[in-house]
Amino acid sequence: MGACPYPRPVTNTPDPARAVPGLTACSLCAGETLEGVDTAPDGQLGRLRQLEADGVTRLTLVECLDECERGDVVVARPTARGRGAGAVPVWFEQLAGDAQTSTLAEWLRAGGPGAAPVPPGLEPRVIRRGPVAD
């Protein structure tokens with residue numbers, strides 16, 4: 001058998017060197033903390049979408065993260081490499097505004113969960129979660 005004359009199919013395997021942490025946000029509570037005073041175009045949701053547009057994160061919007069009383073809930077997800085090394089998602093509450101979103105972006109650029117410690121400016125926003133009961 002000779003070499004195949006057809007090109008190999010292209011796969012969409014992500015390049016681990018270009019992997020970015022993920023971000024899951026509640027689309028229903030995004031901006032709740034700053035309701036009525038947020039002057040940014042599209043508010044907090046716009047800030048999060050900009051992080052994705054800038055290549056800082058892969059944004060996933062959901063309708064509810066079942067933490068409604070906490071408002072502006074955002075979950076930073078580790079890269080595949082980070083998950084493989086044991087990193088876990090980090091949940092935040094009341095994370096909104098230019099300053100906090102900028103700090104989040106810097107942390108995600110540094111690798112996010114498992115790659116860099118949570119910055120002191122975001123530490124008070126961390127939701128401590130225990131194991132889920134069966």
Side-chain angles (χ1 to χ4, degrees):
M1 261 192 159
C4 179
Y6 303 105
R8 292 183 154 204
V10 176
T11 60
N12 290 328
T13 305
D15 178 0
R18 294 186 44 148
V20 295
L23 200 61
T24 302
C26 179
S27 64
L28 299 176
C29 71
E32 187 175 275
T33 302
L34 300 174
E35 188 174 348
V37 297
D38 195 347
T39 58
D42 297 324
Q44 187 61 21
L45 198 50
R47 287 181 189 90
L48 298 177
R49 286 185 169 135
Q50 189 61 51
L51 292 181
E52 181 175 48
D54 291 345
V56 174
T57 190
R58 294 175 329 279
L59 179 62
T60 302
L61 295 175
V62 298
E63 285 193 13
C64 187
L65 289 166
D66 201 26
E67 294 286 349
C68 301
E69 70 282 359
R70 297 180 184 267
D72 292 299
V73 177
V74 176
V75 182
R77 303 182 321 266
T79 62
R81 178 175 282 168
R83 280 190 310 276
V88 297
V90 178
W91 288 62
F92 297 97
E93 65 179 335
Q94 299 176 351
L95 197 150
D98 291 331
Q100 289 181 8
T101 305
S102 177
T103 302
L104 175 67
E106 290 173 23
W107 180 56
L108 294 174
R109 283 185 187 104
V118 174
L122 296 182
E123 188 62 41
R125 302 280 175 234
V126 173
I127 299 172
R128 306 289 177 209
R129 300 184 59 87
V132 177
D134 290 333

Give me the atom names and distance for the closest heavy-atom approach of Val56 to Ala105.
CG1-O, 3.8 Å
Can you name the nearest heavy-atom pair linking Leu23 to Ala76, along with the distance?
CD1-CA, 3.9 Å
Asp54 CG to Arg109 CZ distance, which is reported to the nearest 0.5 Å:
6.5 Å
What residues, two or more places apart in sequence or in another chain, satisfy ring-ring contact (aromatic ring centres under 6.0 Å, His included) together with Trp107?
Phe92
Any link between Val88 and Val118 through a network of hydrophobic side chains (Ile, Leu, Val, Met, Phe, Trp, Tyr) touching at under 4.5 Å?
no
Pairwise side-chain contact, Val20 with Leu108, heavy-atom cut-off 4.5 Å (strictly under)
no
Residues forming a side-chain contact (heavy atoms from CB on, under 4.5 Å) with Ala87, sequence neighbours excluded
Pro78
Reported OG1-to-CD distance for the pair Thr103 and Glu123, which is rounded to 0.5 angstrom:
13.0 Å
Can Gln50 and Arg47 be said to form a side-chain hydrogen bond (donor to acceptor under 3.5 Å, both in side chains), step by step?
CA-CA 5 Å; Gln50 189 61 51; Arg47 287 181 189 90; over 6 Å; no
Side-chain contact test, heavy atoms from C-beta onward, threshold under 4.5 Å: evaluate it for Leu104 versus Thr57 and give yes or no.
no
If hydrophobic clusters are built by linking Ile, Leu, Val, Met, Phe, Trp and Tyr wherever their side-chain heavy atoms come under 4.5 Å apart, do Ile127 and Leu122 end up in the same one?
no
Considering all heavy atoms, the nearest Gly97-Gln44 contact
N-OE1, 2.9 Å
Quick check: closest heavy atoms across Gln94 and Gln100, and the distance to 0.1 Å?
O-OE1, 3.1 Å
Indicate if Leu59 and Trp91 have the same hydrophobic cluster label, given that clusters are the connected sets of ILVMFWY residues with side-chain heavy-atom separations under 4.5 angstrom.
no
Do Leu48 and Glu52 come close enough that some side-chain heavy atom pair is under 4.5 Å?
no
Taking every non-hydrogen atom, the tightest pair across Arg125 and Leu95
CD-N, 4.5 Å
Following the transitive rule for hydrophobic clusters with a side-chain heavy-atom cut-off under 4.5 Å over Ile, Leu, Val, Met, Phe, Trp and Tyr, establish whether Val90 and Leu51 coincide in one cluster.
yes
Counting only heavy atoms from other residues, nucleotides and ligands, does the tally under 6.0 Å from CD of Glu63 exceed 12?
no
Can you confirm whether Leu45 sits close enough to Leu61 that some side-chain heavy atom of one is under 4.5 Å from a side-chain heavy atom of the other?
yes
On a heavy-atom basis, the closest approach of Cys64 and Cys26 is CA-SG, 3.9 Å
What residues, two or more places apart in sequence or in another chain, satisfy side-chain contact (heavy atoms from CB on, under 4.5 Å) together with Thr60?
Thr24, Val62, Arg77
